[in-house]
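Here is the structure we will look at, set down as structure tokens.
A, B, ... follow the sequence lines: proteins, then strands. Residue 1 opens every chain.
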Amino acid sequence: MSNHIIETENLTKQYGNLVAVGNLNLKIEEGELFGLLGPNGAGKSTTILTLTTILKPTSGHATVGGFDIVKQPSQVRKSIGIVFQDPSSDDTLTGYENLKLHGMLYGMPVSLREERIREVLKLVDLTDRKGELVKRYSGGMRRRLEIARGLMHHPKVLFLDEPTLGLDPQSRENIWAYIENLSHEEHISLILTTHYMEEVDRLCDRLAIMDRGKIVALGSPAELKRIIGGEVVVMKSASPDIGSLKSLAYVKHIETKDGVVSLTVVNANEHLPEILQKTGMVDSVEIHSPTLNDVFLHYTGREIRDEAPEGGWGQRAMNYRSNK
Amino acid sequence: MGTKSNELQVKQMNEINGIIAIWYREFKVFQREKSRIVASVVNPILWLLIFGGGLGASISISGINYQTFIFPGILIQAVLFSSVFFGVYIVWDRKIDFLKEVLVAPISRTSIFIGKIVGGATDSIIQSIILLILGAILEKAGLIPGLKLTFVSTVGALIILFITTTSMVSIGLIIGSRMESPEGFQLITSFLLFPIFFLSGALFPLNRLPAWLGTLTLIDPLTYSVDALRHTILGASQYGLALDFGVMIGFTVLVIAFGTYAFEKMKV
Ligand SMILES: Nc1ncnc2c1ncn2[C@@H]1O[C@H](COP(=O)(O)OP(=O)(O)OP(=O)(O)O)[C@@H](O)[C@H]1O
Ligand SMILES: [Mg+2]
């Protein structure tokens, strides 16, 4: 048997005619912290829900922890933990009760359950607040509780669907620290989805960039940035003279959009004066090392927008509360 | 052989644990929502005292005080509404991702369904016990004379109410398993609940109805619960316990089978 904790073969999920995930081929190593990066609607959640047996694939195959997601769903379920994109804890229960419920659902013996509840609460620093109703938790606390819950039954793989969506920067930083800690302390493979560049950049060993149901690039953050093959020069100009740049050997790639020109340039610091001579007057210039955003732009021709989607996590949690 | 039956045993244990887990959650939620408990007891008493008192001032039914006559019907009404309404909680669970958390656990959907039924039935039985105690108090106070609440009749009443709540919770869950919004759920259930309630004979005797109405009451499954309960705590019944129980149990088995299927097909 291979030591791939997850393996997919032409995994496809359609909603009616809409191909949410199309012919996904992915191999994830045991112990890896793997990221799925993509904009809204890329198919990240659909991929996760299919791998976790909540949705049935339209076609193709996948194994998780060595078990087939269609033929052995119950073994798959026992080997995975998941933190969903939307809040999934019961806010009329306390943090402790949510964990106890989880332990019961997974058939954990009482003594093991209680011990494990203590451990995971400590891991996410919620021991002091365990007796409080989840209603009174902040968004970040609730997320931490759900991470703790996903870990309770010692899964081999933990899926985290947008773990920091809708959180303020400080809570996000906080969650990142827990995830890092986790991947060191618990022997576990982690798959996380996000549309925040910094998140994958900071956390993931490898990532796949997903767009419109397909993987467009795969590798470690450093590898992917290297693909760009130079620095990125961004210029603002009303009427840039691009034609003349095309002849320059050290300009690898030119992209214009709304009066903004992005160039990929080898040794940009050295070549900038010459470039500016060719383009003539520009309003502003900026050089930066390639980011995953540039990688995304390179492969899709679009920016990944760093804003929370409509009705983000926190927002949805609030709606739920006020409606109930 | 040995390991195989062991495996089966472990699997069964897991399913039972799952049912207990779901029940645990529903019960905690019930405990927390005190206003729900209060409303589920106060509303029936208001029906009994105001509707029953108002109409009872001018009528009595074959010698029985009208308020006494409708007491079984009011009990059934209370259980009917709280049971079917219980299905709305699954719609709320779906609105956030809590339903997914339950569906991704290594237990079957049948166990989830059964856990929910037990949870809903527990709520209704607690409500019924409170109402029966209040009934006994009102009987002592002379407001519903002729109510026969002995130990045996009380246990009998609870069995009838239990079977009734089981089928009605199932119906609520079946509707809930299909609905995306609580408003949709409310709309469908109110369409369903009022005919079921009014045709059950909860508020009037069944023996002098015009033919068309009589036929309609016969096809209302709740009619037999009301009749059985009247038999048990008033000593007056139209169809006899054998028929009543036959229909009640048959109907319950049917809706549970259908509910299991609906849960199997339920989308997240
Ligand atoms: N239940 C559904 N029915 C129909 N279409 C759906 C359903 N769920 C998702 N889709 C569609 O499938 C596509 C992929 O959605 P998915 O939720 O997997 O994206 P995502 O990458 O997780 O996006 P986000 O960042 O917004 O969470 C989208 O076009 C979405 O509209
Ligand atoms: Mg998503």
Side-chain angles (χ1 to χ4, degrees), chain A residues 15 45 48-49 51-56 72-94 96-98 100-110 113 133-135 142 146 149-150 152-153 155 159 161-162 313 316-321 323-324, chain B residues 7-36 88-112 115-116 119 180-186 264-268:
Chain A
Y15 296 107
S45 295
I48 296 233
L49 294 179
L51 289 176
T52 53
T53 76
I54 293 172
L55 296 176
K56 283 209 169 59
Q72 301 162 294
S74 105
Q75 279 98 323
V76 171
R77 289 172 184 190
K78 275 181 209 147
S79 12
I80 59 168
I82 172 165
V83 178
F84 295 98
Q85 178 167 335
D86 287 342
S88 61
S89 42
D90 187 337
D91 67 0
T92 38
L93 303 186
T94 64
Y96 169 81
E97 287 163 350
N98 269 288
K100 178 172 171 190
L101 169 62
H102 186 88
M104 291 170 87
L105 282 170
Y106 283 76
M108 294 172 80
V110 179
R113 182 181 78 209
L133 294 183
V134 170
K135 248 181 229 169
R142 192 163 179 185
E146 291 174 10
R149 187 181 65 180
M152 246 187 84
H153 54 286
F159 293 89
D161 197 356
E162 312 248 15
W313 198 81
R316 280 187 239 187
M318 293 310 287
N319 285 345
Y320 174 67
R321 265 178 233 169
N323 282 339
K324 198 171 173 183
Chain B
E7 243 172 62
L8 194 70
Q9 247 175 3
V10 169
K11 211 171 140 25
Q12 280 170 351
M13 265 319 287
N14 279 349
E15 298 296 338
I16 291 170
N17 282 328
I19 294 172
I20 297 173
I22 304 281
W23 174 82
Y24 164 80
R25 183 254 179 165
E26 301 301 345
F27 190 64
K28 280 282 168 196
V29 173
F30 179 69
Q31 276 184 322
R32 300 267 146 82
E33 303 200 322
K34 299 263 168 16
S35 57
R36 200 168 119 206
V88 83
Y89 287 90
I90 201 159
V91 183
W92 283 116
D93 291 352
R94 183 182 294 112
K95 276 216 147 214
I96 54 168
D97 272 346
F98 183 79
L99 185 64
K100 290 195 186 116
E101 151 76 3
V102 174
L103 291 179
V104 84
I107 56 168
S108 68
R109 291 193 174 194
T110 305
S111 296
I112 298 172
K116 287 255 177 201
E180 302 259 333
S181 74
E183 294 79 16
F185 180 90
Q186 224 101 39
E264 219 49 69
K265 293 274 165 265
M266 172 169 62
K267 297 222 172 72
V268 281

Does any backbone or side-chain atom of A/Glu97 lie under 4.5 Å from a heavy atom of chain B? Answer side chain, backbone, both or neither. both
Per-residue contact mode, A/Ser74 against chain B (heavy atom under 4.5 angstrom): backbone
Under a 4.5 Å heavy-atom cut-off, does chain A meet the side chain of B/Val104, its backbone, both or neither? both
With a 4.5 angstrom heavy-atom cut-off, is it the side chain or the backbone of B/Leu103 that approaches chain A, or both, or neither? backbone
Distance alone, cut at 3.5 Å: any donor-acceptor contact between the side chains of A/Thr92 and B/Glu33? no
Salt-bridged, B/Glu26 to B/Lys116, with N to O below 4.0 Å? yes
Is A/Asp90 salt-bridged to B/Arg32, going by a charged N under 4.0 Å from an acidic O? no
So, taking the atom named CD in B/Glu101 and the one named NE2 in A/His102, what distance separates them when rounded to the nearest 0.5 Å? 5.5 Å
